[in-house]
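What follows is a set of notes on a single structure, which appears directly below.
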Amino acid sequence: MSRPEYQAPPEIYYGDAEAKKYTQNTRNQQIQADMTYRALELLNLPPDEPAFLLDIGCGSGLSGEILEEEGYIWAGVDIAPSMLEVALERDIDGDLFLQDIGQGFGFRPGSFDGAISISVLQWLLNAETSHPTSSPPHRLTRFFTTLHSALRNPSRAVFQFYPTSDDQIQLITSIAQKAGFGGGIVVDYPNSKKARKVFLCLFVGGGGTQQQMPKGVEGEDDEQVRFERRREKEKKRDVSGKRKNMKDKDWILKKKELYRQRGKEGVPRDSKFTGRKRKPIF
């Protein structure tokens with residue numbers, strides 16, 4: 001049997017116009033937002049604490065905007081230059097890297113508090129060339145091994161993806177486990193052809209309740225669940241639209257420390273005025 005030819009993600013062929021059109025499509029925005037919120041739920045980060053996250057296949061930054069709104073610092077990697085150009089034009093507040101994830105990452109060990117990926121992982125199942133080291137198993141091995149190293153202990157990585165068979169799921173999970181990850185597959189709406197979503201939820205180290213395997217969402221129709229999820233999020237927001245208690249002094253100090261650890265320049269010094277609320281002038 002001949003080896004399948006490499007098929008790059010469609011986004012890699014996008015020109016600037018196509019990338020902008022994709023980003024501005026309200027349907028794409030809604031789908032990306034829904035899956036990003038669900039990925040964050042599965043990531044199960046401590047509430048109201050800053051964290052440094054990796055967005056794998058960040059594209060033009062649609063998921064990154066959600067991460068920023070939720071109070072997280074993030075960096076993104078993508079293989080499509082045109083999508084990253086759009087992200088830069090949109091002034092996305094995240095560090096962006098042009099990279100083929102099948103070649104692995106070069107981040108220092110323990111850099112990230114977690115990782116998410118939306119609709120990307122399945123592209124690693126294509127052969128890049130006929131050379132054995134470009135086969136899907138080799139690309140997946142490089143990807144998961146270097147990702148495991150880049151995540152702190154304990155932490156999680158959550159991937160929403162579109163497998164075409166159980167064999168693909170088995171290949172991905174087995175290679176992830178060989179790289180040192182725990183965890184497995186979570187399926188939302190397993191009985192619905194339209195709403196069914198597959199997530200790979202991986203654990204790095206740890207134990208206890210933080211690393212218990214989450215359960216998928218049951219049901220046929222996800223519209224009501226989506227509505228309930230948004231309503232719960234609204235309960236956590238005050239009248240200004242910001243999350244409650246998100247920007248108190250402790251939170252600001254932790255975020256500034258994360259910036260310093262990343263080597264970001266121009267981080268304001270800590271002082272007794274940090275996090276102090278201004279009194280109204282009237």
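The figures that follow rest on heavy atoms only: side chains count, while hydrogens, waters and symmetry mates do not.
- Residues D78 and G57 come closest through the heavy atom pair OD2-C, 3.2 Å.
- Among residues two or more places apart in sequence or in another chain, the side-chain contact (heavy atoms from CB on, under 4.5 Å) test is passed with V120 by I101, S117.
- In this structure, the side chains of F181 and L151 come closer than 4.5 Å at one or more pairs of heavy atoms.
- In this structure, S60 and I92 have side chains that are not in contact, with every pair of non-hydrogen atoms separated by 4.5 Å or more.
- Atom CZ in R139 sits 12.0 Å away from atom CH2 in W123 (nearest 0.5 Å).
- Between T133 and R142 the shortest heavy-atom distance is O-NH1, 2.9 Å.
- Sorted by first and then second residue, the salt bridge (charged side-chain N to carboxylate O under 4.0 Å, His left out) pairs involving residues 164-186 (not counting sequence neighbours) form an empty list.
- The closest donor-acceptor contact from the side chain of E85 to the backbone of A80 lies at 3.5 Å or more, if one exists at all.
- Connection of M213 to V158 is established within a shared hydrophobic cluster, with ILVMFWY side chains joined at heavy-atom distances below 4.5 Å, either directly or through further cluster members.
- Of the inter-residue distances, the one linking L42 atom CG with K215 atom NZ reads 13.5 Å to the nearest 0.5 angstrom.
- Linking ILVMFWY residues whenever their side-chain heavy atoms come closer than 4.5 Å, directly or via other members, places L45 and I116 in the same cluster.
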Let's go through D270 and I252 carefully: what are the C-alpha distance in whole Å and the side-chain angles of both, what is the deciding distance for side-chain contact (heavy atoms from CB on, under 4.5 Å) to 0.1 Å, and is it a yes or a no? CA-CA 9 Å; D270 301 336; I252 293 173; over 6 Å; no
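- Between A157 and L147 the shortest heavy-atom distance is CB-CD2, 4.3 Å.
- In this pair, F112 and F107 present their aromatic rings perpendicular. The plane angle is above 60°, beyond the 30 to 60° band.
- What you find for D55 and W74 is that their closest heavy atoms are CB-CE3, 4.1 Å.
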Before you tell me yes or no, could you show the steps for Y37 and E70 under side-chain contact (heavy atoms from CB on, under 4.5 Å), namely the whole-Å CA-CA distance, both residues' side-chain angles and the distance that decides it to 0.1 Å? CA-CA 9 Å; Y37 281 125; E70 293 298 300; 3.7 Å; yes
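- With hydrogens and angles disregarded, a donor-acceptor distance shorter than 3.5 Å links the side chain of Q160 to the backbone of S119.
- Residues Y72 and D113 fail the side-chain proximity criterion, which asks for heavy atoms closer than 4.5 Å.
- In this structure, L53 is a member of the same hydrophobic cluster as F199, with clusters built from ILVMFWY side-chain heavy atoms closer than 4.5 Å.
- Pairing each heavy atom of C201 with each of R156, the nearest pair is SG-NH1, 4.1 Å.
- For the atom pair I185 CD1 and T173 OG1, the distance stands at 6.0 Å (nearest 0.5 Å).
- K194 places none of its side-chain heavy atoms less than 4.5 Å from the side chain of Y189.
- The two residues R196 and S192 make their nearest non-hydrogen contact at CB-O, 2.9 Å.
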side-chain contact (heavy atoms from CB on, under 4.5 Å) assessment of R38 paired with D34: CA-CA 6 Å; R38 177 57 174 150; D34 288 341; over 6 Å; no
Can you list the steps and then say if R152 with V204 is a side-chain contact (heavy atoms from CB on, under 4.5 Å)? CA-CA 7 Å; R152 69 171 177 82; V204 177; over 6 Å; no
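- In the hydrophobic cluster analysis, where Ile, Leu, Val, Met, Phe, Trp and Tyr join through side-chain heavy atoms closer than 4.5 angstrom, I56 is grouped together with F52.
- Between Q30 atom CD and M35 atom CE the span is 10.5 Å, to the nearest 0.5 Å.
- For Q32, the side-chain hydrogen bond (donor to acceptor under 3.5 Å, both in side chains) partners at least two apart in sequence or on another chain are S63.
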Trace of the salt bridge (Lys or Arg N to Asp or Glu O under 4.0 Å) decision for E18 with K21: CA-CA 5 Å; E18 290 83 0; K21 185 177 180 180; over 6 Å; no
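- For the pair Q29 (side chain) and T23 (backbone), a donor-acceptor distance under 3.5 Å is present.
- In this structure, the separation between CG on L62 and CD on Q24 is 10.5 Å, given to the nearest 0.5 Å.
- The shortest distance between side-chain heavy atoms of F159 and I172 does not fall below 4.5 Å.
- Using a 4.5 Å heavy-atom cutoff, the side chains of F143 and L121 are in contact.
- Within the model, atoms CZ of F203 and CD of Q212 stand 8.5 Å from one another, a figure rounded to the nearest 0.5 Å.
- A donor-acceptor pair under 3.5 Å is absent between the side-chain atoms of Q168 and the main chain of P163, judged by distance alone.
- Hydrophobic clustering places L140 together with V198 (ILVMFWY residues linked when any side-chain heavy atoms are closer than 4.5 Å, directly or through intermediates).
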